[in-house]
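Here is the structure we will look at.
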2 protein chains.
Amino acid sequence: MTDMSATAERLALVLTQAGMQRMAARVMCALLFCEEETTTAPELCEQLGASAGAVSGALKTLVSLRLAERMPAPAGDRRDHYRLRPDGWAVMTSSRDHLLDTMLRTADEGIEEVGEDSPAGLRLREMRDFYAYMLREMPALIDRWHEQRRVR
Amino acid sequence: MTDMSATAERLALVLTQAGMQRMAARVMCALLFCEEETTTAPELCEQLGASAGAVSGALKTLVSLRLAERMPAPAGDRRDHYRLRPDGWAVMTSSRDHLLDTMLRTADEGIEEVGEDSPAGLRLREMRDFYAYMLREMPALIDRWHEQRRVR
DNA sequence: GTGAAGTTTCAGTAATGATTGAAGATTCGG
DNA sequence: CCGAATCTTCAATCATTACTGAAACTTCAC
């Protein structure tokens with residue numbers, strides 16, 4: 001059984017602590033460190049010592065998050081091939097935007113409930129202003145990254 | 001028993017899904033929505049229907065993360081008082097910087113292992129470049145927020 | 001000092017979430 | 001079409017994490 005490198009496993013652990021599901025993180029790191037362009041599910045099972053079911057679920061998650069994608073299988077190979085999306089890291093970061101939006105809307109709701117000038121209202125306005133700022137600035141930041149990357 | 005508002009509980013859930021410990025998130029939201037300047041541990045226990053031990057642990061976490069702070073107790077009250085730090089949301093976001101740094105360093109390690117030009121090396125360089133960019137830009141973004149906030 | 005009120009720690013338990021394994025569905029070559 | 005290979009789903013199990021309750025510790029008024 002060909003294990004994943006220790007560095008890859010360590011990265012998976014970091015991603016897990018940052019909130020990603022464990023198996024999804026491990027599969028992502030296996031895709032990151034794999035020495036081919038693409039990988040198949042059975043290969044991932046072997047490298048990770050995990051069941052086909054677990055890998056299938058993790059791949060589904062990664063694809064739905066747009067971190068990985070299914071590639072057309074080479075002729076004569078029936079197995080699905082997967083790879084990381086080149087812009088996966090930016091996507092991962094951008095996916096926090098809808099969280100920012102939720103925070104903003106929740107703050108607004110809270111203000112509705114308690115009024116603008118109560119102690120809670122003041123705190124909620126701080127929160128709202130911050131997330132409004134972030135929601136304005138983050139997409140622009142990621143766009144600048146794509147821009148920079150394109151001209152390279 | 002005075003429960004926390006439904007909006008507050010919902011926000012706690014969002015923070016939990018974003019990776020925060022459950023009880024820490026609930027305490028943070030109770031502090032956010034509370035209608036006094038400060039709150040005591042027993043009040044939090046009552047509002048959250050949680051044990052003193054759980055609240056104590058959550059407060060310790062929040063203080064160590066610089067999201068909440070212990071206030072000097074008013075004369076004649078032996079109980080500790082807590083409040084959210086006004087800049088808590090910015091702190092929460094900034095705390096991801098050391099994660100960015102970890103990602104950057106792990107990518108570098110990976111490149112050491114596999115070389116710059118292998119398929120894995122190319123992917124790892126993508127990753128490294130992205131996190132280097134983020135690590136350069138994020139602190140500046142938060143600084144601009146503090147700047148803006150100060151002039152208001 | 002002494003005792004009452006408050007806080008923290010920690011072992012045990014409860015709740016939660018992740019993984020397996022097997023059965024069913026799908027896909028493709030022959 | 002049929003059968004083999006692969007993939008997906010899901011119920012049961014296992015592992016992890018979070019919470020409680022009780023005991024130990026701290027702090028302060030008297």
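Just so we're on the same page: letters track the sequence lines, and every chain starts at 1. Note that these values count all heavy atoms, side chains included, but never hydrogens, waters or copies made by symmetry. Being a predicted model, the structure only gives us computed values, none of them experimental.
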Practice problem: Give a yes or no on whether the backbone of Asp80(B) and the side-chain of Arg70(B) come within a donor-acceptor separation of less than 3.5 Å. | Solution: no
Quiz item: Please give, in whole Å, the distance from dA29(D) P to Arg79(B) CZ?
Solution: 14 Å
Quiz prompt | Distance in angstrom units between His81(B) NE2 and dT27(D) P, rounded | solution = 17 Å
Quiz item: Which is it for Arg10(B) and Glu109(A) under the salt bridge (charged side-chain N to carboxylate O under 4.0 Å, His left out) test, yes or no, and what are the steps along the way?
Solution: CA-CA 11 Å; Arg10(B) 212 146 33 71; Glu109(A) 261 177 70; 2.5 Å; yes
Self-check item: Between the first and last five pairs of the helix from dG1(C)-dC30(D) to dG30(C)-dC1(D), the angle of the axes, rounded to 10 degrees
Solution: 30°
Exercise. Would you please confirm or rule out a distance under 4.0 Å between OP1 or OP2 of dT7(C) and any side-chain N or O of Lys60(B)?
Key: no
Exercise. Using whole Å, report how far CG of Leu13(A) lies from C1' of dT17(D).
Key: 15 Å
Practice problem: For nucleotides 10-23 of chain C, just jot down a letter per nucleotide in 5' to 3' order: B, S or -, based on protein non-hydrogen atoms under 4.0 Å. | Solution: --------SSB---
Exercise. Mark yes or no for whether Thr106(B), through its side chain, and Thr102(B), through its backbone, hold a donor-acceptor pair below 3.5 Å.
Key: yes
Quiz prompt | Separation of atom CZ in Arg70(A) from atom C1' in dC7(D), rounded to whole Å | solution = 8 Å
Quiz item: Roughly how many Å is it from CG in Asp80(B) to P in dG6(C), rounded to a whole number?
Solution: 11 Å
Quiz item: Any chance NE2 of His146(B) has more than 12 other-residue heavy atoms, nucleotides or ligands included, within less than 6.0 Å?
Solution: yes
Quiz item: Do Met138(B) and Leu99(B) share a hydrophobic cluster (ILVMFWY, side-chain heavy atoms under 4.5 Å, transitive)?
Solution: yes
Quiz item: Within this structure, what is the CD-to-C1' distance between Glu43(A) and dT6(D), rounded to whole angstrom?
Solution: 14 Å
Quiz prompt | Joint hydrophobic cluster, Val91(B) plus Leu104(A), side-chain heavy atoms closer than 4.5 Å | solution = yes
Self-check item: Donor-acceptor under 3.5 Å (Tyr133(A) side chain, Leu141(B) main chain)
Solution: yes
Quiz prompt | Short side-chain to backbone donor-acceptor contact, Arg123(A) and Leu32(B), under 3.5 Å | solution = yes
